S.K.: 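Provided herewith is a single structure, encoded as structure tokens, for subsequent inquiry.
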Amino acid sequence: MTALALTGCMGGAPRRRQIRIATGSRTAVYFAVGTALAGIVEQELPETDAVAMVTAASAENVQLIVDNEAEIGFTQADILVTGATPDPRIAALARVYDDLLHLVVRDEGPIRTLDHLRGRRVSIGARGSGTVVTVRRVLDVAKLTGRLSAVELNLDDSLKALALGEIDAFFFSGGIPVSGIKQLAGKRIVDLSNTVTDMRKRWSDVYVVRDVPVSAYQLPPVSTVAVPNFLVVPRQMDDDLAFDLARMLLERRDVLARAHPAAENLDIRSAVATLPVPLHPGAAEYFKSVKP
């Protein structure tokens with residue numbers, strides 16, 4: 001044992017617990033809610049440092065959990081149901097809200113329907129994101145795979161590229177409203193609802209139709225593909241910690257909702273609906289204790 005290790009064992013300052021929360025782009029919902037959650041964790045759990053990590057989002061977040069490089073991760077449900085069974089190393093803390101798939105174009109441009117993407121330069125989301133997974137499935141059922149010039153940009157880069165005319169459209173999946181999209185001038189959102197039936201048949205019934213209301217972006221209402229998203233943790237996380245994290249989500253929902261209105265959709269009835277990913281036993285124990 002090294003001298004440093006001995007010092008820690010013989011009365012040195014105890015090591016502070018670290019909670020790393022894997023989120024997404026800085027202008028997207030995961031980061032806003034994750035940052036607020038990090039603040040709550042630090043307030044309520046002594047000797048704990050919490051931080052929201054900027055990532056490519058869902059797929060990368062799940063991998064960070066598996067690799068023990070994050071303790072909590074936001075992810076779309078479809079990322080977790082691509083195989084025959086969920087990864088046994090992953091457990092759910094809660095279902096949080098639904099992500100809506102946005103297809104954003106310039107208002108004065110010629111793209112009015114999904115099929116109008118043929119031959120266009122389109123960002124399909126960042127590599128490692130849930131957006132890429134959902135978009136590839138949308139393009140597949142729409143018979144557009146290979147019929148457009150796809151680039152993989154994160155939300156921030158997609159916003160800049162569309163504004164500069166470097167791309168014709170971009171996809172992004174997130175809770176509404178997405179602040180970066182809301183702030184983008186001269187935009188329009190394309191309806192994607194006609195793809196959902198085929199996506200449910202071919203891929204998973206996690207896909208549903210949801211409306212993007214006028215209030216989200218001050219644009220005409222459209223309907224699109226929606227998918228639930230979860231907070232996931234390592235299955236080996238301590239039960240008491242998972243209990244406390246689930247408790248904070250529900251008890252401090254007002255703080256999360258101030259960070260982003262999508263968190264207003266978090267409630268105990270929907271929070272437990274995480275199948276096929278099992279709830280962590282600690283989280284399940286919390287929800288049982290407050291069952292309405």
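The shown structure was predicted, so the numbers you read here are calculated from the model rather than taken from an experiment.
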S.K.: Looking only at heavy atoms, what is the nearest atom pair of Gln218 and Ser215, with distance?
M.R.: NE2-O, 3.5 Å
S.K.: Can a donor-acceptor pair be found, under 3.5 Å and without considering hydrogens, that links the side chain of His260 to the backbone of Pro177?
M.R.: yes
S.K.: Quick one, Arg106 and Ile111 - any side-chain contact, counting heavy atoms below 4.5 Å?
M.R.: no
S.K.: So does Leu266 get a backbone contact from the side chain of Arg253, meaning a donor-acceptor N/O pair under 3.5 Å?
M.R.: yes
S.K.: Taking atom CZ of Arg26 as the centre, report whether more than 12 heavy atoms of other residues, nucleotides or ligands fall under 6.0 Å from it.
M.R.: no
S.K.: Would you indicate whether the side-chain heavy atoms of Leu241 and Ile19 approach each other to under 4.5 Å?
M.R.: yes
S.K.: Taking salt bridge (charged side-chain N to carboxylate O under 4.0 Å, His left out) as the definition, give me every residue that meets it alongside Asp191, ordered by chain and number, with sequence neighbours left out.
M.R.: none
S.K.: Could you tell me whether the side chain of Asp87 reaches within less than 4.5 Å of the side chain of Ile65, counting heavy atoms only?
M.R.: no
S.K.: Taking the side chain as C-beta and beyond, is there a heavy-atom pair between Asp49 and Glu42 under 4.5 Å?
M.R.: yes
S.K.: Can you tell me if Lys187 uses its side chain to pair, donor with acceptor, with the backbone of Ile181 under 3.5 Å?
M.R.: yes
S.K.: Between Gly130 and Ile79, what is the shortest heavy-atom contact and its length?
M.R.: CA-CD1, 3.7 Å
S.K.: Between Asp168 and Arg121, is there a donor-acceptor pair closer than 3.5 Å when you use the side chain of the first and the backbone of the second?
M.R.: yes
S.K.: How far apart are the C-alpha atoms of Arg137 and Val225, what are their side-chain angles, what is the distance that settles it, and do they pass the side chain to side chain contact (heavy atoms under 4.5 Å, CB included) test?
M.R.: CA-CA 11 Å; Arg137 294 178 178 184; Val225 182; over 6 Å; no
S.K.: Using a 6.0 Å cut-off, check whether atom CZ of Arg127 has over 12 heavy atoms from anything other than its own residue.
M.R.: no
S.K.: Taking NZ, NE, NH1 and NH2 as the nitrogens, is one of them in Arg269 or Asp267 under 4.0 Å from a carboxylate oxygen of the other?
M.R.: no
S.K.: Under 6.0 Å from the CZ atom of Arg147, do we count more than 12 heavy atoms belonging to anything else shown?
M.R.: no
S.K.: Counting only N and O atoms by type, is there a donor-acceptor contact under 3.5 Å from the side chain of Thr55 to the main-chain atoms of Thr23?
M.R.: yes
S.K.: Glu69 versus Met53: any side-chain heavy-atom pair under 4.5 Å?
M.R.: no
S.K.: Would you please test Asn154 and Ser129 for side-chain hydrogen bond (donor to acceptor under 3.5 Å, both in side chains) and show each step?
M.R.: CA-CA 8 Å; Asn154 64 24; Ser129 68; over 6 Å; no
S.K.: Listed by chain and number, what are the salt bridge (charged side-chain N to carboxylate O under 4.0 Å, His left out) partners of Asp156, not counting sequence neighbours?
M.R.: none
S.K.: Is the backbone N or O of Thr27 less than 3.5 Å from a side-chain atom of Ser179, with the two atoms forming a donor-acceptor pair by type?
M.R.: yes
S.K.: Give every donor-acceptor pair under 3.5 Å between a side-chain atom in residues 282-292 and any protein atom, sequence neighbours left out.
M.R.:
from   : atom 1 : to     : atom 2 : distance (Å)
Ser289 : OG     : Tyr286 : O      : 2.5

S.K.: State whether the side chain of Thr145 and the backbone N or O of Lys143 hold a donor-acceptor pair below 3.5 Å, judged by distance alone.
M.R.: no
S.K.: Any side-chain donor paired with an acceptor under 3.5 Å for Ser123 and Ser158?
M.R.: yes
S.K.: Would Tyr217 and His102 count as having a side-chain donor-acceptor pair, cut-off 3.5 Å?
M.R.: yes
